[in-house]
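Written below as structure tokens is the structure these notes are about.
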Amino acid sequence: MLRLTWVQPEDLLGHELRQARLDGREPSRIEERWRAAGGPDAPDRAGASPHRVSRYLRLLAEDLLDELADLPSRLADDEPTELSAIRAACPDWPGARPAGSPGPLAFEASWLGRAVGCLLGKPVEKLPLDALRALARASGNWPLGGYFTARGVPVELLRAHPWNRRSAATSLAENIDGMPEDDDLDYPLLNLLLLQRHGKGFSTADVARLWLQELPPGRTFTAERLAYRNLLSGVEPPHTARHRNPFREWIGALIRADVHGWTNPGDPAAAAEQAYRDAVLTHTANGVYAAMFTAAALAAAATGDHDVHSCLRVGRSVVPHRSRLAGAVDHAVRLACGHDDFDTVVDELHAAYSPAHHWVHALPNTALLAAALTHADGDFTGSIRRAVAGGLDTDSVGASAGALAGLLAGSPAAIPEHWRAPLKNRLATAVADFDGTGFDTLAHLTHLEANRP
């Protein structure tokens with residue numbers, strides 16, 4: 001039996017009920033109808049429930065998804081998705097400050113940092129926080145100082161908390177042989193290809209066409225998979241982000257944002273607007289803001305004269321002031337500044353956001369990213385170890401933290417050798433034109449796009 005993840009209506013309905021409560025819609029009556037019909041909860045950590053439901057329940061789930069989408073939101077004024085309204089809701093929207101592009105070495109450090117942070121988080125993706133901590137401690141790797149390993153970990157602990165099934169064979173320290181394929185690298189590569197073909201003036205439709213041409217649908221997840229499905233069903237952007245897509249405020253747009261920041265050094269507004277045109281294919285509101293936040297912070301970092309704290313402030317300036325994401329980022333930075341022990345920061349973040357949010361939602365993950373970078377004061381190892389130790393979307397937050405910290409480091413030589421060496425200047429990817437490419441080559445290509453008019 002094939003149970004395709006992230007698309008079956010009966011699995012989506014529970015996620016949409018949770019999303020409705022988060023974004024200010026009142027779904028109680030619709031939920032009562034679903035429960036009365038015997039509808040199941042959404043899968044907790046996976047993308048598909050294990051068993052088929054009746055044809056009646058599947059059709060009911062489709063109808064209720066549409067009804068939920070039509071409910072009015074009390075947060076609509078504070079959390080717009082139109083770019084003009086986003087700008088109007090940001091009182092500190094940044095201006096451009098002309099800056100030369102960083103050299104290829106800085107871009108190489110950022111690409112490498114993204115890969116290293118992703119690779120560190122891959123084996124423990126989907127594991128709960130206590131399992132992550134137990135596995136690291138059992139191998140003497142806490143606080144995280146190197147890649148996860150199975151060496152020294154008791155068999156009974158591995159049985160209770162197995163590594164991520166897809167990733168362990170290529171991402172445990174004893175198995176690493178170059179950077180394995182991951183969507184956290186695939187999307188930046190796609191966006192590099194996007195700029196090569198269309199320049200910085202690309203449209204959301206250009207993003208959609210590129211995906212249909214170059215991105216295998218099986219390598220998409222959550223919001224991206226549903227937007228892809230919507231495209232194949234004839235739904236056009238930006239409606240692809242909203243139609244039966246309960247993941248539209250999850251982390252997917254954030255992991256695609258790096259190239260938009262890298263290629264707009266000193267112009268965080270342009271970086272944010274570029275990230276916006278990419279993000280609205282799949283996301284709305286806070287899912288879009290998370291991508292804009294990341295792109296703007298990287299555009300500030302690319303000037304070479306900002307510390308991590310000012311970069312984060314620049315990123316925060318493109319997030320609507322009264323949005324949930326703004327509140328979460330501000331909360332995370334306050335926690336990071338107020339506690340010496342980062343485990344305490346993580347526990348506080350989980351207590352605040354995990355009960356209501358899925359572990360892939362943009363809100364807790366962007367908060368964790370800001371907290372990790374703040375607490376580490378921009379240090380590379382400190383940033384990625386904290387991002388992954390936060391135990392949410394470990395590979396994605398690790399990748400984003402590594403990209404910013406790597407760019408601030410300025411050179412691959414500033415990233416410790418034990419992180420860099422196993423990658424062998426080589427990455428695998430589902431984006432065929434780049435499979436096997438070195439990080440030095442990617443850096444030169446990024447440098448060309450950053451300097452392209």
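Everything quoted here is computed from the prediction, not taken from an experiment. Residues take their numbers from the sequence shown, with the count starting at 1. Computed over heavy atoms, backbone and side chain alike; hydrogens, waters and symmetry mates excluded.
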May I ask you to decide if A300's main-chain N or O and T303's side chain share a donor-acceptor pair within less than 3.5 Å? yes
In short, D184 meets S396 closest at the heavy-atom pair OD1-OG, 2.8 Å
If you measure from the Lys or Arg side-chain nitrogens to the Asp or Glu carboxylate oxygens, is any gap between R74 and E26 under 4.0 Å? no
For the side chain of W211 and the backbone of P216, is there at least one donor-acceptor N/O pair under 3.5 Å apart? no
Salt bridge (charged side-chain N to carboxylate O under 4.0 Å, His left out) assessment of E32 paired with R35: CA-CA 5 Å; E32 288 171 5; R35 300 299 180 206; over 6 Å; no
Would you say S171 and Y147 make side-chain contact, with heavy atoms under 4.5 Å? no
What closest approach, in Å, do G261 and A271 show between heavy atoms, and which atom pair accounts for it? CA-CB, 3.9 Å
Using only atom types and a distance under 3.5 Å, with no angle test, would you say the side chain of R87 pairs donor to acceptor with the backbone of W93? no
Out of curiosity, T240 OG1 to L281 CG, how far, rounded to the nearest 0.5 Å? 4.5 Å
Is it the case that the side chain of S323 and the backbone of P320 share a donor-acceptor pair, with hydrogens and angles ignored and the cut-off at 3.5 Å? yes
What's the spacing between R277 CZ and H260 NE2 if we round to 0.5 Å? 8.0 Å
Of all residues at least two apart in sequence or in a different chain, which pass the salt bridge (Lys or Arg N to Asp or Glu O under 4.0 Å) check with R225? none
Counting only heavy atoms not in E236 (residues, nucleotides, ligands), do more than 12 fall under 6.0 Å from its CD? no
In this structure, are over 12 heavy atoms from other groups packed under 6.0 Å from E82 atom CD? no
Contact between R209 and E214 at the side-chain level, heavy atoms closer than 4.5 Å - yes or no? no
If a pair satisfies ring-ring contact (aromatic ring centres under 6.0 Å, His included) and one of its residues is in residues 290-347, list it, with sequence neighbours excluded. H331-Y353, F342-H375
Parallel, tilted or perpendicular, as decided by the 30° and 60° cut-offs, for the rings of F247 and W250: tilted
Separation between CG of L64 and CG of L12, rounded to the nearest 0.5 Å: 12.0 Å
Do K122 and E125 sit within salt-bridge range, that is, some charged N less than 4.0 Å from a carboxylate O? no
Using a 3.5 Å distance criterion without hydrogens, assess whether the side chain of R18 forms a donor-acceptor pair with backbone atoms of A42. no
Quick one: closest heavy-atom pair of F434 and L442, and the distance? CD2-CD2, 3.8 Å
Under a plain distance cut-off of 3.5 Å, with no hydrogens placed, do S233 and N230 share a side-chain donor-acceptor pair? no
Consider side-chain contact (heavy atoms from CB on, under 4.5 Å). Of T429, L445, T437, D433, which one does L189 pass it with? T429
Would you say CZ of R166 has more than 12 non-hydrogen atoms from neighbouring residues, nucleotides or ligands within 6.0 angstrom? no
Heavy-atom side-chain contact between I251 and V397 under 4.5 Å: yes
Do side-chain atoms of N191 reach the backbone of P188 as a donor and acceptor pair under 3.5 angstrom? no
So do H198 and V207 actually touch side chain to side chain, heavy atoms under 4.5 Å? no
Does the D11 side chain pair with the main chain of S49, one donor and one acceptor, at a distance under 3.5 Å? yes
Walk me through whether V116 and F380 qualify under side-chain contact (heavy atoms from CB on, under 4.5 Å). CA-CA 10 Å; V116 167; F380 181 80; 4.0 Å; yes
Distance col, row L135:CG vs W163:CH2, nearest 0.5 angstrom, shows 4.5 Å
Working for salt bridge (charged side-chain N to carboxylate O under 4.0 Å, His left out), residues D130 and R133: CA-CA 5 Å; D130 60 346; R133 289 171 170 171; over 6 Å; no
Separation of L57 CG from E10 CD (nearest 0.5 Å): 8.0 Å
Between R334 and E348, is there a side-chain N and carboxylate O pair less than 4.0 Å apart? no
Any side-chain donor near an acceptor of the partner, T282 and R256, under 3.5 Å: yes
Parallel, tilted or perpendicular for W6 and H358, by the 30°/60° rule? perpendicular
Any donor and acceptor pair, going by atom type alone, linking the side chain of K200 with main-chain N or O of T263 inside 3.5 Å? yes
Should T366 and S400 count as side-chain neighbours, where that means a heavy-atom distance under 4.5 Å? no
Neighbour count above 12 (heavy atom, 6.0 Å) for R58 CZ: yes
Can you check whether P94 reaches V318 side chain to side chain, under 4.5 Å on heavy atoms? yes
Just wondering, are more than 12 heavy atoms of other shown residues or ligands nearer than 6.0 Å to CG in D340? no
Give me the atom names and distance for the closest heavy-atom approach of N365 to W359. ND2-O, 2.9 Å
Test your reading of the model: is there a side-chain donor-acceptor pair from S317 to the backbone of V314, 3.5 Å cut-off? yes
Residue pair V333 / L335, side-chain heavy-atom distance below 4.5 Å: no
Here the pair of heavy atoms bringing I255 nearest to Y187 is CD1-CD1, 3.9 Å
Side chain to side chain, L127 and N164, heavy atoms closer than 4.5 Å: no
Determine whether T344 and D347 satisfy the following criterion, side-chain hydrogen bond (donor to acceptor under 3.5 Å, both in side chains), listing intermediate values before the conclusion. CA-CA 5 Å; T344 302; D347 291 342; 5.6 Å; no
Closest non-hydrogen atom pair, L407 against S110: CB-OG, 3.7 Å
CG on L312 to OG1 on T374, rounded to 0.5 Å: 5.0 Å
Applying side-chain contact (heavy atoms from CB on, under 4.5 Å), run through L215 and L210 and close with a yes or a no. CA-CA 8 Å; L215 179 60; L210 181 71; over 6 Å; no
Count the heavy atoms belonging to other residues, nucleotides or ligands that lie under 6.0 Å from NE2 of H239, then report whether that count exceeds 12. no
Determine whether a donor-acceptor pair (N or O, by modelled atom type, separation under 3.5 Å) exists between the side chain of D183 and the backbone of D186. no
